[in-house]
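Some notes on the structure that comes next.
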Amino acid sequence: MYVPALALVDARSIVSLASPSAVKCDQPGAVCQDPRFIGGDGITFYFHGKKDHDFCLLSDPNLHINAHFIGKRNSNMKRDFTWVQSIGILFGKHQLFVGALKTAAWDDSVDRLAITFDGEPISLPESEGARWQSKSVPSAFVVRSADTNNVMVEVEGSFRITAKVVPITEEDSRIHNYGITKEDSFAHLDLGFKFLSLSNEVSGVLGQTYRPDYVSRVNVGAKMSVMGGEKEFKTSSIFATDCAVAKFKGINGNNEGQDSLEGLLELPSLSCASGLDGRGVVCKK
């Protein structure tokens, strides 16, 4: 049995294949809720971006991660309520996509994850601990952290990401005045990032906070510390490396497959024996 090397990981973050880590929204590297970040420096801040746009979370010479934001406009505010619906990861010549499928009524027993590697959907049994490993890149693998809606994605020596699909509940909507309707639960991702080989020039909304010389730009005394700089972090698509702070030097493939990914999040394309439809990590054996 192949077991990934974990020599670079400290004891607090070791993940067994049988019980992968769940998303922890109270630790450095967390991107949760609407969206609330905890930087590599331990400082908590919010970056709201803009709904239906993509933003660079991290850019380094060997790794680039973008996020697609969904959201709703509150007429009483000057900004959108936003959440991270999907992320696009580039490393070397490869592209890895993790997203939450658009969902009306939420049922946690129904898997709403979409995952692709180099444009090809990844399918896993709906069973905690189920594992997929790339044939072309043996260091890249995906492990389910629960039967549905939870996965860990790792490329050895580079990064480990935990992702969970969560909805906006009626209670959340009432408390925060989100205005969520039964037609769309605004399923989105709660994320935890662990980086293993970043350079000192790393940038991006989250990435910059890992630089040894980084000084936080947010007002830590504010009730809600907000990170600005939307223009410098905005990118043209989920796999684009054209944000103003881009550092990535890998081969991007000219964003091939972007159109199919946008459709992936909207339209079902795979019928399961259970009668559920979806795409990506969706079907039981």
Side-chain angles (χ1 to χ4, degrees), residues 4 15-27 29-35 67-68 70 83-89 96-117 120-134 140-155 159-173 180 182-194 238 260-285:
V15 178
S16 72
L17 294 182
S19 301
S21 291
V23 176
K24 297 179 180 178
C25 292
D26 59 351
Q27 295 184 357
V31 179
C32 298
Q33 302 166 8
D34 59 344
H68 179 73
I70 55 173
W83 301 273
V84 174
Q85 184 189 32
S86 58
I87 55 173
I89 307 159
L96 184 58
F97 172 88
V98 181
L101 294 165
K102 187 174 181 179
T103 306
W106 179 259
D107 181 346
D108 195 49
S109 67
V110 178
D111 199 69
R112 304 306 294 160
L113 270 166
I115 304 181
T116 71
F117 183 75
E120 294 297 322
I122 293 173
S123 294
L124 281 173
E126 290 184 7
S127 175
E128 182 178 352
R131 186 173 187 267
W132 169 92
Q133 182 175 347
S134 170
F141 59 92
V142 179
V143 184
R144 279 197 185 271
S145 310
D147 292 348
T148 60
N149 296 311
N150 290 263
V151 291
M152 181 191 74
V153 179
E154 180 167 343
V155 173
F159 64 84
R160 175 181 298 132
I161 301 172
T162 48
K164 179 179 181 179
V165 182
V166 294
I168 301 300
T169 66
E170 291 185 9
E171 183 67 6
D172 288 336
S173 183
I180 301 300
K182 293 183 179 180
E183 288 73 31
D184 191 345
S185 66
F186 278 81
H188 60 282
L189 298 176
D190 277 351
L191 298 156
F193 293 92
K194 176 76 174 182
I238 196 70
S260 63
L261 284 175
E262 290 175 350
L264 177 96
L265 293 175
E266 295 291 339
L267 300 174
S269 61
L270 183 71
S271 295
C272 301
S274 61
L276 304 175
D277 291 328
R279 187 169 177 183
V281 184
V282 289
C283 293
K284 295 182 179 178
K285 274 188 175 178

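Quick caveat: nothing in here was measured; it's all calculated off a predicted structure.
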- Item | Flag side-chain contact, heavy atom, 4.5 Å: Leu96 against Val153 | yes

- Task: With sequence neighbours left out, write down each residue that passes side chain to side chain contact (heavy atoms under 4.5 Å, CB included) with Asn150, or none if nothing qualifies.
- Result: Ser145, Ala146, Lys164

- Task: Measure the OG1-CZ distance between Thr162 and Arg160 for me, rounded to the nearest 0.5 Å.
- Result: 9.0 Å

- Item | Results of side-chain hydrogen bond (donor to acceptor under 3.5 Å, both in side chains) for Thr148 - residues two or more places apart only | none

- Item | Distance-minimising heavy-atom pair for Val23 and Gly192 | CG1-N, 4.1 Å

- Message: Restricting to side chain to side chain contact (heavy atoms under 4.5 Å, CB included), what partner residues turn up for Ala163, sequence neighbours left out?
- Response: Val98, Val151, Leu191

- Item | For Pro167, side chain to side chain contact (heavy atoms under 4.5 Å, CB included) partners two or more places apart | Trp106, Ser185

- Do any N or O atoms from the side chain of Asn149 and from the backbone of Val110 form a donor-acceptor pair under 3.5 angstrom? yes

- Message: Whether the side chain of Asp147 engages the backbone of Glu128 through a donor-acceptor N/O pair (distance < 3.5 Å, no angle test) should be reported.
- Response: yes

- Residues in side-chain hydrogen bond (donor to acceptor under 3.5 Å, both in side chains) with Asp107, at least two apart? Ser109

- Give a yes or no answer on whether the side chain of Arg112 reaches the backbone of Thr103 with a donor-acceptor pair at less than 3.5 Å. no

- Message: Do Arg131 and Phe141 make a side-chain contact, defined as non-hydrogen atoms from C-beta onward lying under 4.5 Å apart?
- Response: yes

- Message: Let me confirm one number: the CD1-CD1 distance from Ile115 to Ile122, rounded to the nearest 0.5 Å.
- Response: 5.5 Å

- Mind checking the NE2-CD spacing from His68 to Gln85? Nearest 0.5 Å is all I need. 5.0 Å

- Determine whether Ile89 and Ile161 make a side-chain contact, defined as any pair of heavy atoms from C-beta on separated by less than 4.5 Å. yes

- Task: Can you measure from NZ (Lys24) to SG (Cys32) and round to the nearest 0.5 angstrom?
- Result: 12.5 Å

- Going by heavy atoms in the side chains, are Phe193 and Phe159 under 4.5 Å from each other? no

- Message: Does Lys194 form a side-chain contact (heavy atoms from CB on, under 4.5 Å) with Glu154? I'd like the steps, not just the answer.
- Response: CA-CA 9 Å; Lys194 176 76 174 182; Glu154 180 167 343; over 6 Å; no

- Task: First locate atom CG of Asp190, then atom CD of Gln33, and finally report the distance between them rounded to the nearest 0.5 Å.
- Result: 6.5 Å

- Message: Just to verify, what does Trp132 make a ring-ring contact (aromatic ring centres under 6.0 Å, His included) with, not counting sequence neighbours?
- Response: Phe117

- One should read off an interatomic distance between Leu101 CG and Ser86 OG, to the nearest 0.5 angstrom, of 10.0 Å

